[in-house]
Amino acid sequence: MDQPEIDRKSPYVLDLAHGTYWWCACGRSQTKPFCDGAHKNTAFTPVKFEITQPAQVALCGCKRTRNPPYCDGTHKQL
Ligand code: FES
Ligand code: FES
């Protein structure tokens with residue numbers, strides 16, 4: 001698998017609490033947009049990120065962002 005699976009062509013806009021999160025980079029997780037371990041045996045690994053205070057974030061759903069885990073608008077070109 002050279003490319004991650006496209007989950008959806010729009011971001012996940014979520015209100016996240018303070019904490020540590022793992023964004024799914026492979027597109028295979030059943031708990032998207034977060035990693036559930038399904039990337040095993042693929043070339044992909046999850047992206048760890050920290051939320052230091054409650055915040056609304058737009059996490060990439062298409063898995064093609066150049067600024068993971070955040071949406072950078074690349075989904076509009078898919
Ligand atoms: Fe996709 Fe872990 S399940 S990176
Ligand atoms: Fe992937 Fe926007 S959803 S870049």
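Counting starts at 1 for both ligands and their atoms, in listed order. Just so it is clear, the values below take in all heavy atoms, side chains as well, and ignore hydrogens, waters and symmetry mates.
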Worksheet item: Linking I/L/V/M/F/W/Y whenever their side-chain heavy atoms sit closer than 4.5 Å, directly or via other members, would V13 and L16 fall into one cluster?
Response: no
Practice prompt. Indicate, with yes or no, if F49 and L14 share a hydrophobic cluster defined by side-chain heavy-atom contacts under 4.5 Å among Ile, Leu, Val, Met, Phe, Trp and Tyr.
Written response: yes
Discussion item. What protein N/O/S atoms are there under 2.8 Å from atom 1 (Fe) of ligand 2, waters excluded?
Written reply: C60 SG, C62 SG
Worksheet item: Should we say atom CG of N41 is surrounded by more than 12 heavy atoms from elsewhere, each under 6.0 Å from it?
Response: no
Can I get a per-line list of side-chain donor-acceptor pairs under 3.5 Å for residues 54-64, giving both atom names and the distance, sequence neighbours left out?
residue : atom : partner : partner atom : Å
Q56     : NE2  : D15     : OD1          : 3.4
K63     : NZ   : C24     : O            : 2.6
R64     : NH1  : P4      : O            : 2.8
R64     : NH2  : P4      : O            : 3.2

Discussion item. For Y21, give me all partners under side chain to side chain donor-acceptor pair (under 3.5 Å), at least two apart in sequence or on another chain.
Written reply: none
Item to complete: Search all heavy atoms of T65 against all heavy atoms of W23 and return the closest pair with its distance.
Response: CG2-CH2, 4.2 Å
Fill in: ILVMFWY cluster, I51 and Y12 together (side-chain gap under 4.5 Å)
yes
Discussion item. With a 6.0 Å cut-off (strictly less than), is the heavy-atom count around CD of Q53, excluding the residue itself, greater than 12?
Written reply: no
Worksheet item: Quick one: how many protein N/O/S atoms are under 2.8 Å away from atom 2 (Fe) of ligand 1?
Response: 2
Fill in: Gap between atom CZ of R28 and atom CD of E5 - 0.5 Å precision
5.5 Å
